[in-house]
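These notes concern the structure reproduced below.
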2 protein chains.
Amino acid sequence: MEPLPPVPEMHPSRWGDPAQAAPLPESARGLVELVFGLAERPAATEVVVPPSRLAPAVLAGLRELLGTEHVLTDDLTRRLRTRGKSTPDLLRQRAGDLSDAPDVVVRPDGHEQVAAVLALAVEHHLAVVPFGGGTSVTGGLAARRDGYAGVVSLDLIRMKRLLAVDHVSMTATLEPGLRGPEAEALLAAEGLTLGHYPQSFEHATIGGFAATRSSGQSSAGYGRFDALVVGLRAATPRGELALGSAPANAAGPDLRQLLLGSEGAFGVITAVTVRVRPLPVEKVYEGWRWPSFDAGRHAMRTLAQAGLLPTVLRLSDEAETGINLARPDSIGVPTSSTTGVEGSTTETGGCLMITGYEGEPDAVAAKRAAVTAVLGGLGGTPQGEEPGRAWAHGRFHAPYLRDSLLDVGVLVETLETATFWSEVPRLYADVKAALETSLGSPTLVLCHVSHVYETGCSLYFTVAAKQAEDPVAQWRAAKAAASDAIVAAGATITHHHAVGTDHRPWLAAEIGELGVSVLRAVKADLDPTGILNPGVLIP
Amino acid sequence: MEPLPPVPEMHPSRWGDPAQAAPLPESARGLVELVFGLAERPAATEVVVPPSRLAPAVLAGLRELLGTEHVLTDDLTRRLRTRGKSTPDLLRQRAGDLSDAPDVVVRPDGHEQVAAVLALAVEHHLAVVPFGGGTSVTGGLAARRDGYAGVVSLDLIRMKRLLAVDHVSMTATLEPGLRGPEAEALLAAEGLTLGHYPQSFEHATIGGFAATRSSGQSSAGYGRFDALVVGLRAATPRGELALGSAPANAAGPDLRQLLLGSEGAFGVITAVTVRVRPLPVEKVYEGWRWPSFDAGRHAMRTLAQAGLLPTVLRLSDEAETGINLARPDSIGVPTSSTTGVEGSTTETGGCLMITGYEGEPDAVAAKRAAVTAVLGGLGGTPQGEEPGRAWAHGRFHAPYLRDSLLDVGVLVETLETATFWSEVPRLYADVKAALETSLGSPTLVLCHVSHVYETGCSLYFTVAAKQAEDPVAQWRAAKAAASDAIVAAGATITHHHAVGTDHRPWLAAEIGELGVSVLRAVKADLDPTGILNPGVLIP
């Protein structure tokens with residue numbers, strides 16, 4: 001078998017591969033200056049990682065369990081395991097704030113070693129933060145320290161095996177530390193694909209996908225991650241949970257759905273059995289233009305309710321279409337929003353939809369023909385494959401642009417939600433208004449629909465504003481305003497980014513105080529001393 | 001609006017509409033005599049319902065809450081709310097054993113009254129058994145009495161409203177007491193269908209479908225019931241749970257999936273929001289014949305993994321095909337199994353598959369053409385629409401035949417399971433062998449696949465044997481042997497009949513002791529004094 005493609009460690013204070021870090025493209029610089037002004041914001045040159053405060057006996061215990069080389073306390077390793085990649089996380093890293101650094105990073109090689117680490121953590125009352133790809137954008141890696149004898153980053157990076165493949169049932173059992181590309185490479189060698197491509201794909205892990213109920217850019221065709229999971233194994237302080245007797249069953253509540261989305265607070269997921277598909281022979285992506293966001297969403301809903309979803313289906317609103325986020329090298333400025341700049345882009349007007357088809361050529365052709373007939377009949381204008389290729393080329397690149405904008409004093413962040421179709425117009429308007437009001441002018445709010453269901457869809461917002469003196473506080477206020485608007489609209493506080501610490505204050509509004517009580521009861525049962533990712537998920 | 005079609009109370013000791021109770025058809029009588037012998041087993045003529053033992057103050061309290069006319073203690077009402085419709089339930093009713101009769105039947109008119117009844121039940125420590133259609137076949141209505149001040153049957157029969165319809169999102173909110181035909185009639189008036197047709201459809205309720213994770217005969221097209229649910233409301237002793245902010249979300253574990261399958265042990269479901277479809281314009285069912293059960297299952301798997309499922313897809317094994325269970329008036333005896341009778345049927349050889357298509361004529365035609373091409377290519381022989389019509393005509397009638405066979409001394413019962421495709425041959429062989437070994441000769445074991453997924457399928461067994469002196473004990477032993485075989489094969493103890501009390505001894509083998517512990521923790525949180533359906537679901 002081919003060796004796994006190497007996935008580089010992400011930059012400590014930027015998204016992704018350090019080799020891809022780049023300044024804002026020249027083509028965009030002028031327009032960004034016009035709208036927001038340019039104010040270079042260099043990262044702190046001196047970064048002090050707080051000393052590891054783990055008792056020597058604890059450290060010795062960990063080394064005995066895992067071997068000295070898999071128990072790391074050096075500054076760089078601990079810095080690379082500090083928090084995730086939300087904009088506030090990046091801003092704090094840039095400012096040299098490493099106050100959430102773990103005291104130790106441990107690298108178990110399988111379920112048994114994970115279980116052993118948990119036992120030792122219970123014994124010494126250490127907080128344990130499971131670490132997959134480190135791509136959390138909701139504060140899912142910032143455990144509470146108070147009252148704990150130390151914080152352990154439980155790095156799953158050595159757990160990268162394809163444990164089993166069943167070509168008849170079309171399932172595969174994967175270890176949690178596999179990055180997206182690594183999992184796909186292992187499956188491709190078997191002629192299979194998982195088909196899960198969130199924007200974080202290049203760095204995020206199988207375990208993280210499960211723990212956060214991730215949803216990928218091809219969710220219309222392959223399904224969100226939790227819909228792909230048929231079995232799970234987890235290590236908890238009270239022992240093992242192994243679930244998944246059948247594709248579906250009626251043997252009581254579906255406990256798989258309790259581990260999916262548990263964000264490391266109930267247990268450490270040590271294996272995930274997923275549904276897989278044959279590696280697609282053909283992939284084709286194309287563009288459609290719609291006169292309005294409403295018209296495009298109506299078309300999406302029509303496809304979903306007709307059972308005619310392509311593999312990829314996304315729709316940018318007028319603002320996002322105008323700025324053409326998929327092509328940072330040809331970035332424009334839209335005509336809407338509160339920027340005060342009008343008509344300065346070449347591709348104004350309407351909304352861009354991307355449709356993608358993956359599979360056997362015959363199936364691709366048949367689905368494409370059927371979808372094309374529906375979209376054409378509803379007033380969409382085909383744009384050919386060029387916009388599709390551009391989207392596919394740039395599909396994982398937007399987070400790099402965020403760093404380039406942060407460099408020049410522009411605050412950029414994203415947030416997402418979902419609701420039922422009839423509630424989408426209100427949700428869209430309210431969240432947009434909340435963000436614009438909180439951040440003031442100039443603020444750019446872009447939105448797209450990337451996940452579509454028969455009964456509703458997600459809304460994914462990208463926000464850009466001029467950085468204030470304290471950009472973390474500035475964003476916290478805007479995020480709070482947006483979150484308040486989301487829960488007031490009865491929508492979900494997060495469609496696919498999980499709760500972490502950032503969404504926790506709004507969870508009770510969504511699932512009720514009694515729902516929170518249930519989560520606490522489950523937590524108390526599986527993790528009686530509360531060592532697992534304390535402060536994350538559960539209010 | 002048209003008034004709801006009246007759904008008659010079921011016969012107290014038989015399945016379904018008392019008007020449809022009938023002796024074994026003459027055409028079948030000869031063959032049944034040949035295989036099993038005939039031994040008339042009249043039901044007990046004298047049935048004594050144990051007296052209601054509720055304290056007068058409690059009864060007064062209930063009457064104050066609900067009104068006197070909705071608090072019933074008469075013998076007939078309590079008899080009609082005693083247990084469900086498993087064969088052991090029927091046999092015990094036939095024998096005059098009403099020891100599980102509730103002390104009182106109460107009929108709240110909505111969520112608030114349900115909550116009030118639960119509060120009173122907590123105060124007086126009454127066991128509360130939510131009652132929908134009374135169609136449980138796993139002992140889900142036989143609560144433990146010990147230690148309780150009485151047993152209350154919480155009859156949801158007055159909660160039959162269509163609370164909301166959203167034609168844009170294609171969702172409907174239904175009250176739990178709606179029987180299948182009542183829900184469909186209300187939705188049909190809106191041009192909609194739920195499309196959930198389990199064999200119990202004519203009597204089972206929306207609340208029961210949710211509480212037991214029901215799956216219908218059209219699950220291939222419409223999805224199992226838990227997949228149709230987007231929102232739920234429940235009353236618990238600790239207050240209200242209201243869930244369902246979006247079609248899907250990542251706001252922690254999906255607590256909807258904790259209420260689905262909770263069998264009245266966590267709360268009383270008072271409203272269910274489901275995905276609905278347009279009322280199908282066309283319905284067509286047809287037959288296919290396969291040389292073997294293996295060949296037919298291979299075809300089902302091919303369709304499922306190609307994303308080409310018809311609305312209905314079922315496959316009988318050689319034995320079930322031979323006996324032609326869908327047509328009680330032309331019942332035959334198969335050539336296999338341990339009956340010792342060979343070649344006595346006119347339709348021997350191979351396995352019958354039913355495919356059904358529902359929807360817009362164009363969509364029906366397109367799907368039918370695509371499925372036909374696949375099935376023909378795999379070696380299936382089309383049988384035309386006649387077998388499909390016969391199946392559709394008899395689809396809810398098999399339980400009536402069970403009563404007719406019980407009348408003449410034949411023990412008949414069903415059980416079901418599910419697993420992943422690669423494990424199906426072993427599961428099929430092991431369960432069949434376990435039943436045949438336990439029941440001895442003559443025993444007839446029939447099987448069909450009625451629920452198909454990309455990664456696996458269900459197996460539904462129908463068993464017939466000569467009744468022993470104590471048929472309840474005889475069945476318990478056979479059921480235990482089958483259940484042991486199921487868990488030994490790693491399959492689920494139940495794909496769509498729920499746990500009840502009958503499957504409870506095997507639940508820990510399926511979800512582990514720690515999974516059971518989690519269920520207990522949730523139960524303790526929502527129902528701290530344990531009044532809700534005690535003894536059901538949770539070991």
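Order of the sequence lines fixes the chain letters, A, B, ..., with proteins taken first and strands second; residue numbering starts at 1 for each chain.
- Side-chain atoms of Asp525(B) and Arg520(A), non-hydrogen and from C-beta on, never get closer than 4.5 Å to each other.
- For the options Ile538(B), Val276(B), Leu526(B), heavy-atom pairs under 4.5 Å to chain A are most numerous at Leu526(B).
- Interface residue Thr171(B): only side-chain heavy atoms are found under 4.5 Å from chain A.
- If you measure heavy-atom distances from Gln305(B) to chain A, the contacts under 4.5 Å come from the side chain alone.
- At a 4.5 Å heavy-atom cutoff, the contact between Leu243(B) and chain A is made by side-chain atoms alone.
- Interface residue Arg238(B): backbone and side-chain heavy atoms are both found under 4.5 Å from chain A.
- In this structure, the portions of Phe420(A) lying under 4.5 Å from any heavy atom of chain B include both its backbone and its side chain.
- Most heavy-atom pairs under 4.5 Å with chain A: of the set Val168(B), Asp166(B), Leu308(B), this distinction falls to Val168(B).
- Taking Ile511(A), Asp226(A), Val424(A) one by one and counting their heavy-atom pairs under 4.5 Å with chain B, the maximum is reached by Ile511(A).
- Under a 3.5 Å cut-off, the side chain of Glu454(A) and the backbone N or O of Arg277(B) do not form any donor-acceptor pair.
- Interface check for chain A: of the options Glu416(B), Arg224(B), Arg213(B), the most heavy-atom pairs under 4.5 Å are formed by Arg213(B).
- For Ala242(A), the part lying near chain B is the backbone, with the side chain staying farther off; criterion is any non-hydrogen pair under 4.5 Å.
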Legend entry - side-chain hydrogen bond (donor to acceptor under 3.5 Å, both in side chains) evaluation trace for Thr455(B) with Ser169(A): CA-CA 5 Å; Thr455(B) 58; Ser169(A) 309; over 6 Å; no
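- Contacts with chain B were tallied for Leu537(A), Thr494(A), Val487(A); Thr494(A) has the most, counting heavy-atom pairs under 4.5 Å.
- In this structure, chain B has no heavy atom under 4.5 Å from any part of Thr138(A).
- For a residue to count as touching a neighbouring chain, one of its non-hydrogen atoms must lie under 4.5 Å from one of that chain's; by this rule Ala498(B) touches chain A with backbone and side chain alike.
- Residues of residues 246-265 of chain B lying under 4.5 angstrom from chain A, judged on non-hydrogen atoms, are Ala246(B), Pro247(B), Ala248(B), Asn249(B), Ala250(B), Ala251(B), Gly252(B), Pro253(B), Asp254(B), Leu255(B), Gln257(B), Leu258(B), Leu260(B), Gly261(B), Ser262(B), Glu263(B) by number.
- Contact annotation for Glu360(A): neither backbone nor side-chain heavy atoms come within less than 4.5 Å of a heavy atom of chain B.
- For Leu519(A), the part lying under 4.5 angstrom from a heavy atom of chain B is the side chain only.
- Interface remark: of the candidates Glu510(A), His503(A), Arg504(A), Glu510(A) forms the most heavy-atom pairs closer than 4.5 Å to chain B.
- When heavy atoms are compared at a cutoff of 4.5 Å, His497(B) approaches chain A solely by way of its backbone atoms N, CA, C and O.
- Ranked by non-hydrogen atom pairs under 4.5 Å with chain B, the options Thr212(A), Val230(A), Val522(A) are led by Val230(A).
- Your options are Glu240(B), His298(B), Arg301(B), and the one with the most heavy-atom pairs under 4.5 Å with chain A is Arg301(B).
- Heavy atoms closer than 4.5 Å to chain A are found in the side chain of Thr236(B), but not in its backbone.
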